[in-house]
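Here the structure is laid out as structure tokens; the discussion comes afterwards.
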Amino acid sequence: MSLGSRKGLVKTVGFREAKYVGDPINVVRIFNEKEVDELIVLDIDATVKNVEPDYRMIEHLASECRMPLCYGGGIKTEEQARRIFGLGVEKIAMSSAAVAKPGLIAGIAEKVGTQSVVVVIDVRRSAAGGYEACTHNATRRVEMSPFDLAIQAERMGAGELVINSVERDGTMKGYDLELIGVSETGRGYR
């Protein structure tokens, strides 16, 4: 579930053109009824706009959610992560902060355990035909390959990785099976 511009739940295609699709609290209630196993909520604008996580929204989501909740977006410090956990969230997700400050992964994992630290890696096709990692809604390229970034995140203490294919985002075309195959072998990255 993606939150955008603090207005509500949005759907993107290729990480662009966020379209409002509903109130996140109502969507959580629907997921509760459907007995969804876990929910990941990502504020896709928090880092891009350099704003703090929306603690009030997180608290409302956590109080309604009847499944494990993971929150990501705008988390840059251990203090922010601690505050989010204190609101009832079971896991936090990091992307740009995991790239800029990999030690943050270890610091949070030491305090709450690796099972509560998720690193999100956004991946797109590179001009050379391989794959490259990116952050900030796919507007900034990461120098490290997605494969190496995944290894670093795991070594620093991430208990889970979420790999997003920028080209497949919102297209309803399923997984990028080539990306998955490449990531298993470590071949094909820049």
Side-chain angles (χ1 to χ4, degrees), residues 1-5 7 9-21 36-51 53 70-76 81 91-109 114-190:
M1 192 162 90
S2 298
L3 301 173
S5 297
K7 296 176 186 170
L9 182 64
V10 297
K11 180 182 183 329
T12 59
V13 176
F15 284 39
R16 296 192 177 141
E17 300 175 27
K19 293 187 178 161
Y20 177 81
V21 293
V36 170
D37 290 332
E38 182 174 357
L39 182 61
I40 299 176
V41 175
L42 302 173
D43 184 337
I44 60 174
D45 291 332
T47 296
V48 173
K49 294 183 177 187
N50 196 30
V51 296
C70 175
Y71 171 83
I75 301 167
K76 297 178 190 170
K91 299 178 184 180
I92 56 103
M94 295 181 291
S95 180
S96 61
V99 172
K101 300 189 289 187
L104 183 59
I105 301 168
I108 295 170
T114 60
Q115 78 284 350
S116 293
V117 180
V118 178
V119 170
V120 177
I121 303 173
D122 299 330
V123 180
R124 65 179 173 207
R125 294 250 180 211
S126 70
Y131 292 96
E132 63 186 14
C134 51
T135 62
H136 294 78
N137 294 342
T139 62
R140 294 188 188 173
R141 183 179 173 279
V142 174
E143 292 301 318
M144 190 179 294
S145 77
F147 183 74
D148 291 337
L149 188 55
I151 290 171
Q152 175 181 279
E154 187 271 333
R155 286 183 179 154
M156 295 303 289
E160 293 181 29
L161 299 174
V162 172
I163 310 298
N164 289 324
S165 170
V166 174
E167 286 83 12
R168 296 281 178 130
D169 172 60
T171 65
M172 304 297 284
K173 293 181 180 175
Y175 297 112
D176 183 340
L177 297 178
E178 185 179 331
L179 171 60
I180 295 167
V182 169
S183 66
E184 289 175 355
T185 64
R187 295 188 323 248
Y189 292 116
R190 268 178 58 101

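Bear in mind the structure is a predicted one, so any value in this text is a computation, not a measurement. We count residues from 1, following the sequence as given.
Residues Val99 and Met144 are not in side-chain contact: their nearest non-hydrogen atoms beyond the backbone lie 4.5 Å or more apart. No side-chain heavy atom of Thr139 sits less than 4.5 Å from a side-chain heavy atom of Val48. Counting only heavy atoms from C-beta outward, the side chains of Thr47 and Thr135 never approach each other to under 4.5 Å. Proximity of Met156 to Val119: side-chain heavy atoms (C-beta onward) are nowhere separated by under 4.5 Å.
In terms of the side-chain hydrogen bond (donor to acceptor under 3.5 Å, both in side chains) criterion, residue partners of Asn50 (sequence neighbours excluded) are, by chain and number, Lys76. Applying the side chain to side chain contact (heavy atoms under 4.5 Å, CB included) rule to Ala138 yields the partners Phe15, Arg124, Cys134, Val166; only residues at least two apart in sequence or on another chain are considered. With sequence neighbours excluded, the residues forming a salt bridge (Lys or Arg N to Asp or Glu O under 4.0 Å) with Arg125 are Glu178, listed by chain and number. Remark: Asn137 engages no residue in a side-chain hydrogen bond (donor to acceptor under 3.5 Å, both in side chains) (not counting sequence neighbours).
We find the CG-NE2 distance between Asp122 and His136 to be 11.0 Å, quoted to the nearest 0.5 Å. Rounded to the nearest 0.5 angstrom, Thr12 OG1 and Asn164 CG are separated by 9.0 Å. With values rounded to the nearest 0.5 angstrom, Tyr71 atom OH is found 8.5 Å from Leu42 atom CG.
Shortest non-hydrogen contact noted between Ala98 and Gln152 is O-NE2, 4.0 Å. Contact between Ala93 and Cys70 at its shortest, heavy atoms only, is CB-SG, 3.8 Å. In terms of heavy-atom proximity, Ser165 sits nearest to Asp176 at OG-OD2, 3.8 Å. Closest approach of Gly73 to Ala46, counting heavy atoms only: C-CB, 3.6 Å. Closest heavy-atom contact between Pro53 and Gly74: CD-O, 3.7 Å.
A donor-acceptor pair under 3.5 Å is formed between the side chain of Tyr131 and the backbone N or O of Leu179.
Among pairs with a residue in residues 159-173, those fulfilling salt bridge (Lys or Arg N to Asp or Glu O under 4.0 Å) read Lys91-Glu160, at least two apart in sequence or across chains. Sorted by first and then second residue, the side chain to side chain donor-acceptor pair (under 3.5 Å) pairs involving residues 94-103 (not counting sequence neighbours) form an empty list.
Here the options are Val118, Val120, Ile105, the test is side chain to side chain contact (heavy atoms under 4.5 Å, CB included), and the partner is Met94; only Ile105 passes.
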